[in-house]
Amino acid sequence: MQTVDVLVVGAGLAGLHTARLLAQQDLTVSVVDRRRSLSSGIRTTGIFVRRTLDDFDLPDRFLGPAIRDVLLYPPSRQFPIRLSSDRDEYRVADMPGLYQHAHHAARSAGAQIRLGVRYDNASHGVVRFAGASPVKARFIIGADGAYSRVARDLNLDVNRRFLVGAEIVHPIATGTTTPAFHCVVDPRIAPGYLGWVIDDGLHAHVGIAGYPHAMRTGIRHLLDRFAADAPGRAAPTGPVERRGGPIPVGGVLRRLANPAGLLVGDAAGAVSPLTAGGLDPCLRLSELAATVTAAYLRSGDPSILRHYDGQALRARFRGRLLLRRLFAGVRSPAAAEAAVTLLRGRTGRALATRILFGDGSFPDIGPEPVLARA
Ligand SMILES: Cc1cc2nc3c(=O)[nH]c(=O)nc-3n(C[C@H](O)[C@H](O)[C@H](O)COP(=O)(O)OP(=O)(O)OC[C@H]3O[C@@H](n4cnc5c(N)ncnc54)[C@H](O)[C@@H]3O)c2cc1C
């Protein structure tokens, strides 16, 4: 049986980033993903915020033009609030390209990556797959998304609160639109979240997300209804792709690690409960996960795992969890109109600016205390 130091389940951004960092530390790392190709089954719009672009080395060639303007619409779609930043706030990534790049980077660092391999279960360090030989692993990393099986098998916490999101993506005629992020607050189509059109001048992403129990006619039907006259949408000039998936919004889980393994990315609930952004959190948490894992495997000291503490991270999400509850409470078009009216005032605009252009999507979690111990 093959033996590795670390088995990573999931080759999303969290899994690939963690695998690369661990392989760079001379650990033997194997990654499996049930997807046969990283260009298929994409579950993200791929909007990266300024803070991520500043802090992580994402290749420019996979990032679309910068966006500085956000328009917030009430259900009536009348008189949107325009918020403009003097900085480049968002860039939408070519996600197939970015996944390929992360795959290549992890492989170049020495990680073995096997696609088309489905994780089945793990016990006593033996990891089993559907249709592939088992592997013995000193440590297992669950980067297997919002409905993590690894979390269950390792007896770690699991996500319980979800939004579900879906979008269509297509190329548009260049030079015909002004790049902008259009957000529609309308509980009839996106209960508990937003409908969005993001146009960076090259592609349009038209999507909705909301609480699944409140989307009685189904998300596909609601998305098609929204897309039919979504504000700011330009006509497709090429193939229309569909994406979608669950978004955990209950905040970072409390129990994220034990001597058998740990969780990263959506599996760890590392998504901003308010904005539902998970790309920055998955990169940031992966850095801490890799530092803690390497220090633990080098020393064999399980107390090092205490540095990977969901409870401590969670405490820094109180405000966002509260705002998520308020957002979830906007259930009628009239309440949504009133909420957008509140945002038109000075305090409301300041709050919206802070949420949309601020630096607080996920706490900074430096690895220094872990390194000091190891
Ligand atoms: C519609 C939508 C739009 C979004 N847009 C944005 C956005 O614009 N910006 C932003 O910041 N966040 C966005 N998010 C959230 C963000 O995309 C996620 O938080 C982030 O991609 C999580 O990365 P991950 O690596 O943890 O999980 P994933 O990318 O979900 O990767 C998990 C991987 O595990 C694999 N896997 C699962 N089970 C198994 C198994 N049993 N065996 C083997 N492999 C398995 C899957 O195939 C998958 O490749 C969006 C989410 C959705 C649903």
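Since this is a predicted model, take the numbers as computed values, not measurements. Counting starts at 1 for both ligands and their atoms, following the listed order. As a basis for the values below, the full set of heavy atoms in this structure was taken, side chains included, without hydrogen atoms, waters or symmetry mates.
Remark: ligand 1 and Ile47 share an N or O pair separated by less than 3.5 Å (distance only, no angle test). Annotation: Leu13 places an N or O atom under 3.5 Å from an N or O atom of ligand 1; distance criterion only. Residue contacts with ligand 1: Arg243 is placed with no nitrogen or oxygen under 3.5 Å of a nitrogen or oxygen of the ligand (distance criterion only). Ligand 1 has no N or O atom lying under 3.5 Å from any N or O atom of Trp196, backbone or side chain.
In this structure, the protein non-hydrogen atom closest to atom 38 (N) of ligand 1 is Arg34 NH1, 3.4 Å. The shortest contact between atom 33 (C) of ligand 1 and any protein heavy atom is with Asp33 OD2, 3.5 Å. The closest protein non-hydrogen atom to atom 12 (N) of ligand 1 is Gly278 N, 3.0 Å. For atom 14 (N) of ligand 1, the closest heavy atom belonging to the protein is Thr44 OG1, 3.7 Å. Protein heavy atom nearest atom 37 (C) of ligand 1, with residue, atom name and distance: Asp144 O, 3.3 Å. Protein heavy atom at the shortest distance from atom 27 (O) of ligand 1 is Gly145 CA, 4.1 Å. The protein heavy atom nearest to atom 31 (O) of ligand 1 is Gly12 CA, 3.6 Å. Closest protein heavy atom to atom 5 (N) of ligand 1: Thr45 N, 3.1 Å.
A side-chain donor-acceptor contact under 3.5 Å links Asp157 to the backbone of Arg255. Of the possible donor and acceptor atoms, one in the side chain of Ser299 sits under 3.5 Å from a partner among the backbone N and O of Asp301.
The closest approach between Val117 and ligand 1 falls below 4.0 Å for a heavy atom of the residue. Within the 4.0 Å heavy-atom cutoff, Gly207 does not count among the residues contacting ligand 1. Proximity of Arg43 to ligand 1 is established by a heavy-atom distance of less than 4.0 Å.
The side-chain heavy atoms of Val340 and Pro80, taken from C-beta on, include no pair separated by under 4.5 Å. Leu38 is not listed as a side-chain neighbour of Met95, based on a closest heavy-atom distance of 4.5 Å or more. Proximity of Asp94 to Tyr99: side-chain heavy atoms (C-beta onward) are nowhere separated by under 4.5 Å.
Counting non-hydrogen atoms of other residues, nucleotides and ligands closer than 6.0 Å to CZ of Arg77 gives a total above 12. Heavy atoms of other residues, nucleotides or ligands lying less than 6.0 angstrom from NE2 of His104 number 12 at most. No more than 12 heavy atoms of other residues, nucleotides or ligands lie within 6.0 Å of CZ in Arg354, so this atom counts as exposed by the packing criterion. Counting non-hydrogen atoms of other residues, nucleotides and ligands closer than 6.0 Å to CZ of Arg314 gives a total above 12. The neighbour count for Asp26 CG, taken as heavy atoms of other residues, nucleotides or ligands under 6.0 Å away, does not exceed 12.
Counting the atoms of ligand 1 from 1 in the order shown, those under 4.0 Å from a heavy atom of Ile247 are 51 (C), 52 (C), 53 (C). Residue contact check: Gly245 has heavy atoms under 4.0 Å from atoms 53 (C) of ligand 1. Heavy-atom contacts of Gly265 reach the following atoms of ligand 1: 26 (O) (cutoff under 4.0 Å). With ligand atoms numbered from 1 in the order given, ligand 1 contributes 33 (C), 34 (O), 35 (C) to contacts under 4.0 Å with heavy atoms of Gly10. Against a heavy-atom cut-off of under 4.0 Å, Arg35 is close to the following atoms of ligand 1: 47 (O), 49 (O).
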Evaluation steps, ring-ring contact (aromatic ring centres under 6.0 Å, His included), between Tyr193 and Tyr211: CA-CA 8 Å; Tyr193 192 66; Tyr211 287 104; 9.3 Å; no

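Residue Gly165 holds the heavy atom nearest to atom 1 (C) of ligand 1 of all those in Gly142, Ser40, Gly165. Considering only non-hydrogen atoms, atom 22 (C) of ligand 1 lies nearest to Asp266 out of Leu279, Leu263, Asp266, Val264.
At a cut-off of 3.5 Å, with distance as the only test, no side-chain donor of Ser30 or Gln2 sits close to an acceptor on the other residue. In this structure, a donor-acceptor pair under 3.5 Å is absent between the side chains of Tyr73 and Asp186.
Annotation: Phe56 is not in aromatic contact with Phe48 [ring centroid separation under 6.0 Å not met].
By the criterion of a heavy-atom distance under 4.0 Å, the backbone of Ala143, and not its side chain, is placed next to ligand 1.
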